Amino acid sequence: AMTSIGDLPEDVLVELLSLLPARDLLRTCRLVCSQWRYVVDLTTLWKRKCQRDGFYRQSLERSVSDWKIFYMLCRLKRNLIKNPCAEENFQHWTLDKNGGDKWKIEDLPGAHGNDVPDPTVHKYFVTSYWPCLKSQLITLDKEGYWNQLMDENRPEITVKDWYAARFDCGCRYELTVRLLAEDGTTLEEFHPEPVVIEQWSDAKWREISHTFRNYPAGVRHIFFQHGGQDTQFWAGWYGVRVTNSSITIG
């Protein structure tokens, strides 16, 4: 007869432990005894958790080398940019340059503009006739991405941003994203040539995207900065419009 939970068959113990949060498994259950440490480290347990949370697909079988890390990345995955669509005014953003008539927030589609393809986006940030730049600095361990995970697994870091011009005015758009070490040293950077949209454009929203892969060890922060200005130097808010920015890790 069984006298303790330790007497349970391995498959039953896997099923029971897979019901617990990953944090409890790694920080508590794994320390109980050698048997539980063995079970918590089993690929079977983490596959089961992936199935429970909807992360498992048959097509992933050959591409996932560590199901525990895969599960953790899936659980953590979200947009790390805060207030990307101007719903909280300028909260979470640092206004690095605020030229002309300064940054402003407007409702979509805006004068001489179009709606963003994503129907959940309702607002955008708009620039003026002198350079306007704003930024966020993301500290990865505060977002749940511990140092060992970033250094050993180097998960992909994907950056996306949406920008548009008014139909009646030209504009300039620029983006800079840096992967930073603890001391602020740049380890890798995405800084494409500024985009100039001529006057009388289609005013459609355009997406820019970049994925960092195989970057150096030591990434502890991500610096995101975007903005621009108009090219006619008109008073008011005729410059580039930006919204729906995102940084995801996975």
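All values reported here derive from a predicted model rather than from experimental measurement. Counting from 1, the numbers follow the sequence of the chain as shown. Only this structure's heavy atoms are used, side chains among them; waters, hydrogens and symmetry mates stay out.
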State whether the side chain of Asp151 and the backbone N or O of Gly218 hold a donor-acceptor pair below 3.5 Å, judged by distance alone.
yes

For a side chain to side chain contact (heavy atoms under 4.5 Å, CB included) check, start with the C-alpha distance between His221 and Glu182, then their side-chain angles and the critical distance, and finish with the verdict.
CA-CA 7 Å; His221 310 277; Glu182 187 64 50; 3.7 Å; yes

Take Ile81 and Ile138 through the side chain to side chain contact (heavy atoms under 4.5 Å, CB included) test and state the conclusion after the steps.
CA-CA 8 Å; Ile81 294 287; Ile138 297 163; 4.2 Å; yes

Option among Asp24, Leu25, Leu19 that satisfies the side-chain contact (heavy atoms from CB on, under 4.5 Å) test with Pro21:
Asp24

Drop me the distance from Leu140's CG to Tyr145's OH, to the nearest 0.5 angstrom.
8.5 Å

Shared ILVMFWY cluster between Met72 and Leu60, side chains joined below 4.5 angstrom?
yes

Evaluate the side-chain proximity of Val64 to Ile69: yes if any heavy-atom separation is below 4.5 Å, no if none is.
no

Take Trp130 and Phe233 through the test ring pair (Phe, Tyr, Trp, His ring centres under 6.0 Å) and record every step on the way to the result.
CA-CA 7 Å; Trp130 283 115; Phe233 298 97; 5.6 Å; yes

Output yes when Arg213 and Glu188 qualify as a salt bridge under the 4.0 Å nitrogen-oxygen rule, no when they do not.
no

May I ask you to say whether Glu143 pairs ionically with Arg78, meaning some side-chain N is under 4.0 Å from a carboxylate O?
yes

Nearest non-hydrogen partners of Cys169 and Ala165, listed with the distance
O-CB, 4.1 Å

Can a side-chain donor-acceptor contact be found between Glu61 and Tyr56 if the only test is distance below 3.5 angstrom?
yes

For the residue pair His210 and Phe190, does the interplanar ring angle fall in the parallel (under 30°), tilted (30 to 60°) or perpendicular (over 60°) class?
parallel

Distance, nearest 0.5 Å, that separates CZ of Phe224 from CG of Leu175
5.0 Å

To the nearest 0.5 Å, what is the distance between CD1 on Ile247 and CG on Asn79?
7.5 Å

Within the structure provided, determine whether Leu45 and Lys68 are in side-chain contact (heavy-atom separation under 4.5 Å).
no

Side-chain donor/acceptor of Asn83 to backbone N/O of Glu88, under 3.5 Å
yes

Shortest non-hydrogen contact from His112 to Ala203?
O-CB, 3.7 Å

Measure from the ring center of Phe55 to the ring center of Phe70 and say whether it is less than 6.0 Å.
no

Take a 6.0 Å sphere around CD of Gln91 and say whether it holds more than 12 heavy atoms from other residues, nucleotides or ligands.
yes

Using modelled atom types and a 3.5 Å cut-off, is there a donor and acceptor pairing between side-chain atoms of Lys49 and backbone atoms of Leu20?
yes

Short side-chain to backbone donor-acceptor contact, Trp46 and Val40, under 3.5 Å
yes

If we ignore hydrogens and angles and just use 3.5 Å, is the side chain of Glu174 paired with the main-chain N or O of Gly227 as donor and acceptor?
no

Looking only at heavy atoms, what is the nearest atom pair of Leu187 and Pro216, with distance?
O-CG, 3.8 Å

pair Val116-Tyr124: side-chain heavy atoms closer than 4.5 Å:
no

Grab the two heavy atoms, one from Trp205 and one from Ala164, that are nearest each other, plus how far apart they are.
CD2-CB, 3.4 Å

Write down the atom of Thr43, the atom of Trp67, and the distance for their closest heavy-atom approach.
CG2-CD1, 3.5 Å

Ile197 vs Tyr163 side-chain heavy atoms within contact, under 4.5 Å
yes

As an exercise, state the distance from NZ of Lys82 to CG of Leu80, rounded to the nearest 0.5 Å.
7.0 Å

Might you confirm whether atom CZ of Arg52 has over 12 heavy atoms from other residues, nucleotides or ligands at distances under 6.0 Å?
yes

Side chain to side chain contact (heavy atoms under 4.5 Å, CB included) for Glu10 and Gln35? Distances and angles first, verdict last.
CA-CA 9 Å; Glu10 182 180 294; Gln35 181 196 20; over 6 Å; no

Under 3.5 Å, side chain of Thr176 to main-chain N/O of His191, donor-acceptor pair present?
no

With a 4.0 Å cut-off, would you call Arg220 and Asp183 a salt bridge?
no

Between the main-chain N or O of Arg241 and the side-chain N or O of Trp162, is there a donor-acceptor pair closer than 3.5 Å?
no

When Arg48, Arg75, Lys47 are each screened for salt bridge (Lys or Arg N to Asp or Glu O under 4.0 Å) with Asp53, the one that passes is Arg75

Lys104 atom NZ: more than 12 heavy-atom contacts under 6.0 Å:
yes

If you count heavy atoms of other groups shown closer than 6.0 angstrom to OH of Tyr38, is the number above 12?
no

How long is the gap from CG on Leu180 to OG1 on Thr186, to the nearest 0.5 Å?
5.0 Å

Under 3.5 Å donor-acceptor, Asp101 side chain and Tyr129 backbone
no

Taking atom types as modelled, find out whether His226 and Asp161 have a side-chain donor-acceptor pair closer than 3.5 angstrom.
yes

Would you name the heavy atoms of Phe212 and Glu189 that are closest together and state the gap between them?
CE2-C, 4.0 Å

Donor + acceptor pair across side chains of Arg154, Asn214 (<3.5 Å)
no

Heavy atoms, side chains only, cut-off 4.5 Å: are Glu198 and Thr231 in contact?
no

Decide yes or no for Leu179 and Ile222: does some side-chain heavy atom of the first lie under 4.5 Å from some side-chain heavy atom of the second?
yes

Has Asp118 got a side-chain atom pairing as donor or acceptor with Thr120's backbone, closer than 3.5 angstrom?
yes

Is a side-chain donor or acceptor of Asn114 paired with a backbone partner of Asp202 at a separation under 3.5 angstrom?
yes

Decide if the gap between the ring center of Trp200 and the ring center of Phe167 is smaller than 6.0 angstrom.
yes

Find the distance between CG (Leu108) and SG (Cys85) and round it off to the nearest 0.5 Å.
9.0 Å

Quick one: are Ile208 and Tyr173 in side-chain contact, heavy atoms under 4.5 Å?
yes

Any idea how Phe90 and Phe125 line up, ring-wise: parallel (<30°), tilted (30 to 60°), or perpendicular (>60°)?
tilted

Minimum side-chain heavy-atom gap Cys171-Thr127 below 4.5 Å
no

side-chain contact (heavy atoms from CB on, under 4.5 Å) partner of Gln229, chosen from Pro131, Ser128, Cys132
Pro131

Go through the steps for Leu149 and Leu73 under the test side chain to side chain contact (heavy atoms under 4.5 Å, CB included), then give the verdict.
CA-CA 9 Å; Leu149 172 70; Leu73 288 173; 4.0 Å; yes

